[in-house]
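What follows is one structure encoded as C-alpha cells, with my remarks underneath.
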Amino acid sequence: MGLNAAVVSLLLALACWLQGCSVSDTPSSPDTVGDAGESRRGSFLVIGDWGWDPNAHGNIKSTHCQQLVADVMHEQMEKLGDVQFIVNVGDSFYPDGVRNKSDPQWDEKWRQIYSPLVRSVPWYSVYGNHDLHADPCACSEDADACAQVNADITNLDYFYMPDTSFYQVLPELDTEVIILDTNYLMWLNMTCPHTPCPELCSANLKKRAFKAFELFQERIARSTARNWVVASHYPTDYFPGAWNTSEPIKPWTPSWVRMGASEWPSGFPEFLSAISNASRSSITYFGGHRHNVDQRTVFNTTPHSNWLSGGGGGWSTDGEEQGFVLGEILDGGQVRTSAIIVNFTDCLQAVDVVV
Ligand SMILES: *[C@@H]1O[C@H](CO)[C@@H](O)[C@H](O)[C@H]1NC(C)=O
Ligand SMILES: *[C@@H]1O[C@H](CO)[C@@H](O)[C@H](O)[C@H]1NC(C)=O
Ligand SMILES: *[C@@H]1O[C@H](CO)[C@@H](O)[C@H](O)[C@H]1NC(C)=O
Ligand SMILES: *[C@@H]1O[C@H](CO)[C@@H](O)[C@H](O)[C@H]1NC(C)=O
Ligand SMILES: *[C@@H]1O[C@H](CO)[C@@H](O)[C@H](O)[C@H]1NC(C)=O
C-alpha cells in the first residue's frame with residue numbers, strides 16, 4: 001500500500017466510524033446479547049466475487065475497492081473479536097483462476113490484500129466459474145489436482161476446501177456449514193469453453209454437481225446442528241422455483257433451464273423448499289456471481305434468510321452495494337445477518353500509482 005492509499009484508508013476508517021458502514025444494525029461487541037436476550041456464540045463473514053485483475057484494467061494498478069472491503073473486514077474482525085470463519089462464495093481469482101499452489105496470484109490477489117487477522121480463520125470456499133478457466137481442476141477428475149483444494153484446515157496459507165463440495169460440523173457453534181459446487185447447473189457453457197478441455201470439463205462439473213446434491217440431501221437428513229450455513233457460487237434466484245423459465249433464453253440463463261430434468265441431480269428442484277423449511281431452526285444461504293450485496297434481488301426463503309453476497313469489490317464492481325455479510329450465531333439456534341457496505345464513491349476511487 002502506498003502512502004496515498006494508507007492515508008485514504010485511514011480517512012475511510014474514520015468516515016466509517018463517524019457515519020457507520022452498515023446498512024443495518026451496527027454489530028455488537030463480543031459479549032453483547034441479541035434482540036431476544038440470547039448471547040452470541042460466535043460470528044462469521046461472507047464475501048464473494050472479490051477477484052480483481054490489475055493487469056486487465058489498463059494502466060491503473062489499483063485494487064482499491066477490493067482493498068477497501070478487505071480493510072473494513074479487518075476492522076470488523078477486531079471489533080467483533082469472535083469471528084470463527086469466512087465463507088467465500090467464489091470468483092476469487094480473475095479472470096481465469098490460479099494454476100497451482102505456487103501461483104503468484106495467491107500472494108498478489110489474496111495474501112497481500114487481506115490482513116493476517118482476516119486470514120487467521122479458515123476461508124470455507126467454493127469454485128466460481130472464473131476460478132475454473134485455467135485451474136487444472138476443470139480438466140481433472142481428481143479433486144486433489146484442483147489448485148484451490150486444501151484439506152488441511154490448519155493450513156491457513158490457502159482456503160479450506162477439502163473437496164469441491166463439502167460440509168463442516170462446528171459443534172461449539174451448533175452449526176453446520178455446507179458448501180456446494182453448482183457450476184454445472186448454472187453456468188456450464190460460460191465456463192467450460194474457456195478451459196483447455198470443454199468436454200471433459202463438462203463431464204467433471206456434472207459429476208461434481210451430482211455429488212453436491214447427494215451431499216446436501218445426506219446432510220439435511222443427518223445433521224443435528226440447529227444452524228445451517230449453506231453456500232454456493234450462485235444466488236437463490238438462479239434455482240428452480242425462482243427463475244422464470246418462460247423468459248426467452250439469454251446467455252446468462254442458468255444451464256439447467258436448457259437441460260432436460262433428467263439431467264438434474266436429485267434434490268436440485270427441491271433445493272429452495274429445503275432451505276425454506278419451517279421445521280428447521282435456522283438456515284442461512286449465501287451465493288454470489290452477481291456483483292452486489294443485497295437481499296432485494298434474491299428469492300425469498302422465509303422463515304429463513306439468504307443473501308446475494310457477491311460484492312467483494314472485485315471485477316467491474318458493477319453493483320453499488322459492495323461489501324460483505326456478517327453472520328452472528330446466537331444461542332437458541334438463530335443466526336442474525338446484516339450487510340456491511342462500503343462507500344461506493346470511495347470504492348471506485350483509484351488512489352494507487354498509475355504506471
Ligand atoms: C504455477 O503457476 C504459475 C502461474 O501460471 C507458473 O508460472 C508456475 O510455473 C507454476 N508452477 C508450477 C510448479 O507448476
Ligand atoms: C415469466 O416470463 C414470461 C415471459 O417473459 C412473462 O409473460 C411472465 O409474466 C413471467 N412470469 C412471472 C411470474 O414473472
Ligand atoms: C452447451 O453447448 C453445447 C454446444 O454448443 C450445446 O450442445 C448444449 O446444449 C449447451 N448446453 C447448455 C446447458 O446450454
Ligand atoms: C423439512 O424438515 C423436516 C424435518 O427435518 C423433514 O421431515 C421434511 O422432509 C423437510 N421438508 C422439506 C421440503 O425439505
Ligand atoms: C462517500 O464518499 C464520498 C467521497 O469520499 C463522500 O462525498 C460521500 O459523502 C460519502 N457518502 C456517504 C454516504 O458517506
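Each residue takes its place number in the sequence, starting with 1. Atoms within a ligand are numbered from 1 in the order they appear, just like the ligands themselves.
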**Message:** Within ligand 3, which atoms have a heavy atom of Ser255 less than 4.0 Å away?
**Reply:** 13 (C)

**Request:** Please state whether the rings of His130 and His133 are parallel, tilted or perpendicular, taking 30° and 60° as the class boundaries.
**Result:** tilted

**Tyr238 ring center near Phe299 ring center (under 6.0 Å)** = no

**Asked** Going by the disulfide bond (SG atoms under 2.5 Å apart) test, which pairs reach into residues 72-113, not counting sequence neighbours?
**Response** none

**Item:** Residue shell around ligand 4, heavy atom under 4.0 angstrom
**Value:** Ala274, Asn277, Ser279, Arg280

**Message:** What verdict does the salt bridge (Lys or Arg N to Asp or Glu O under 4.0 Å) test give for Glu218 and Arg222, after you've listed the backbone C-alpha separation in whole Å, the side-chain angles of each residue and the deciding distance to 0.1 Å?
**Reply:** CA-CA 6 Å; Glu218 182 202 305; Arg222 291 206 190 152; 3.6 Å; yes

Using a 3.5 Å cut-off and no angle test, enumerate the donor-acceptor pairs between side-chain atoms of residues 173-188 and protein atoms at least two apart in sequence or in another chain.
from	atom 1	to	atom 2	distance (Å)
Asp174	OD1	Arg226	N	3.0
Asp174	OD2	Arg226	NE	3.1
Thr175	OG1	Leu173	O	2.7
Thr175	OG1	Asn227	ND2	3.4
Glu176	OE1	Arg219	NH2	3.3
Glu176	OE1	Ser223	OG	2.9
Glu176	OE2	Arg219	NE	2.6
Asp181	OD1	Asn183	N	3.1
Asp181	OD1	Asn183	ND2	3.0
Thr182	OG1	Ser232	OG	3.3
Asn183	OD1	Asn129	N	3.4
Asn183	OD1	Tyr234	OH	2.7
Asn183	ND2	Tyr127	O	2.9
Tyr184	OH	Glu263	OE1	3.3

**Request:** Considering only Ile, Leu, Val, Met, Phe, Trp and Tyr, and joining two whenever side-chain heavy atoms are under 4.5 Å apart, list the other residues clustered with Phe210.
**Result:** none

**Item:** Residue among Val149, Val126, Asn88, Ile86 satisfying side chain to side chain contact (heavy atoms under 4.5 Å, CB included) with Phe159
**Value:** Asn88

**Asked** So, is Thr345 polar-close to ligand 5, with some N/O to N/O distance under 3.5 Å?
**Response** no

